[in-house]
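One structure is given below, encoded as structure tokens.
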There are 2 protein chains.
Amino acid sequence: MKRSLEQIEYREDTEALAKYAKALGHPTRIAILKHLVNQSCCFTGDLVDVFPLAQSTISQHLKELKNAGLIQGELKPPKIKYCINQENWKVAKSLFQNFFD
Amino acid sequence: MKRSLEQIEYREDTEALAKYAKALGHPTRIAILKHLVNQSCCFTGDLVDVFPLAQSTISQHLKELKNAGLIQGELKPPKIKYCINQENWKVAKSLFQNFFD
DNA sequence: AAAATCAATCGTATATTTGCGATAAGCAAT
DNA sequence: ATTGCTTATCGCAAATATACGATTGATTTT
């Protein structure tokens with residue numbers, strides 16, 4: 001992509017908010033998170049049953065949510081249990097709260 | 001893009017939240033909105049001075065924010081005055097509020 | 001050690017996003 | 001009607017996102 005020569009430096013909280021928002025910017029990921037909030041936790045397999053998407057696609061969405069810090073995976077062999085990352089969840093919550101006044 | 005055969009139907013509020021989140025998913029757009037919240041309103045030209053981005057790029061970001069419904073433009077010849085769309089702003093605010101509990 | 005199970009990653013295809021410069025379009029004043 | 005100012009759109013290039021099937025990797029059970 002053609003980019004501005006001087007890479008723009010935004011305030012840290014601006015970047016953070018954009019990062020969280022981007023992660024939330026897809027209905028499937030919103031739905032996954034809602035599911036996690038309700039169930040408190042769940043496994044990838046469960047989600048594959050809930051959504052008409054390939055396992056690899058679900059996994060990819062989970063990865064993005066994990067990268068954004070909104071969820072975390074706990075090894076629960078032979079499965080992996082995904083939960084909301086409460087700490088960052090609070091951070092995101094307050095970022096959005098402050099943003100909207 | 002290879003898509004699921006059956007286009008997934010999400011709840012309306014899930015789609016709406018994802019739409020707003022997507023619009024917020026770029027630091028420049030966050031910064032623009034913060035600017036608008038502070039200034040209450042402003043013109044495209046002002047933003048071009050504030051951000052080291054081409055006028056066309058700013059215009060594109062404004063377009064996305066407008067499409068998402070977060071801002072609105074008022075003709076103030078020869079300029080266009082952009083403001084927060086208070087109505088949708090409230091909607092977005094409560095969607096994020098509910099989402100984060 | 002082998003088999004089974006589950007999730008992650010790879011490779012691919014396509015769509016969308018982001019950025020730019022250049023051009024067009026809208027409107028006011030001349 | 002022409003000019004000048006402001007913003008939108010077009011056309012392009014490159015990056016990123018979204019989805020899939022196929023494969024790999026990790027771990028437990030047999």
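Heavy-atom basis, side chains included; hydrogens, waters and symmetry copies ignored. Proteins get letters first, then strands, A, B, ... in listed order; numbering begins at 1 in each.
At the heavy-atom level, E64(B) lies under 4.0 Å from the strands shown only through sugar-phosphate atoms. Residue-level contact check: I58(B) touches neither bases nor backbone, having no heavy atom under 4.0 Å from any strand. Among the heavy atoms of the strands lying under 4.0 Å from K22(A) are primed sugar atoms or P, OP1, OP2 only; no base atom is included.
Each of K79(A) and K63(A) was assigned the nucleotide of DNA chain C with the nearest heavy atom; the assignment lying further toward the 5' end belongs to K79(A). Projected onto DNA chain D by closest heavy-atom contact, Y82(B) and S56(A) fall at different nucleotides, the more 5' of which corresponds to Y82(B). Sequence order on DNA chain D of the closest nucleotides to T44(B) and Q60(A) puts T44(B) first from the 5' end.
Distance CG (L75(B)) to P (dA25(C)): 17 Å, rounded to an integer number of Å. Whole-Å rounding puts the K19(B) NZ to dT16(C) P distance at 17 Å. Rounded to whole Å, atom P of dT27(D) lies 14 Å from atom CD of E74(A). Put simply, CD1 on I8(A) is 13 Å from C1' on dC20(C), counting in whole angstrom units. To the nearest angstrom, C1' of dA7(C) lies 16 Å from CG of L53(A). The separation between L62(B) atom CG and dT17(C) atom P is 16 Å, rounded to whole Å. Protein atom CD of Q55(A) is 14 Å distant from nucleotide atom P of dT23(D), rounded to whole Å. Between K81(A) atom NZ and dC6(C) atom P there is a gap of 16 Å when expressed in whole angstrom units.
For dA19(D), the OP1/OP2 oxygens have no side-chain nitrogen or oxygen of T57(A) closer than 4.0 Å. In this model, the phosphate group of dG19(C) is approached by a side-chain N or O of H26(B) to a distance below 4.0 Å at OP1 or OP2. Applying the 4.0 Å criterion to OP1 and OP2 of dG19(C), one finds that H61(B) has a side-chain N or O inside that range.
The side chain of I80(B) sits closest to dT7(D) out of dT18(D), dT7(D), dA22(D).
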Test log, rule salt bridge (charged side-chain N to carboxylate O under 4.0 Å, His left out), inputs K19(B) and D13(B): CA-CA 10 Å; K19(B) 183 191 69 178; D13(B) 56 326; over 6 Å; no
Test log, rule side chain to side chain contact (heavy atoms under 4.5 Å, CB included), inputs I71(A) and L33(A): CA-CA 8 Å; I71(A) 65 172; L33(A) 289 170; 3.6 Å; yes
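Within a 6.0 Å radius of CD in E74(B), other residues, nucleotides and ligands contribute more than 12 heavy atoms.
Partner F99(A) forms a ring pair (Phe, Tyr, Trp, His ring centres under 6.0 Å) with one of Y20(B), F100(B), F96(B), W89(B) and no other, that one being W89(B).
The side-chain heavy atoms of L70(A) and I84(A), taken from C-beta on, include no pair separated by under 4.5 Å.
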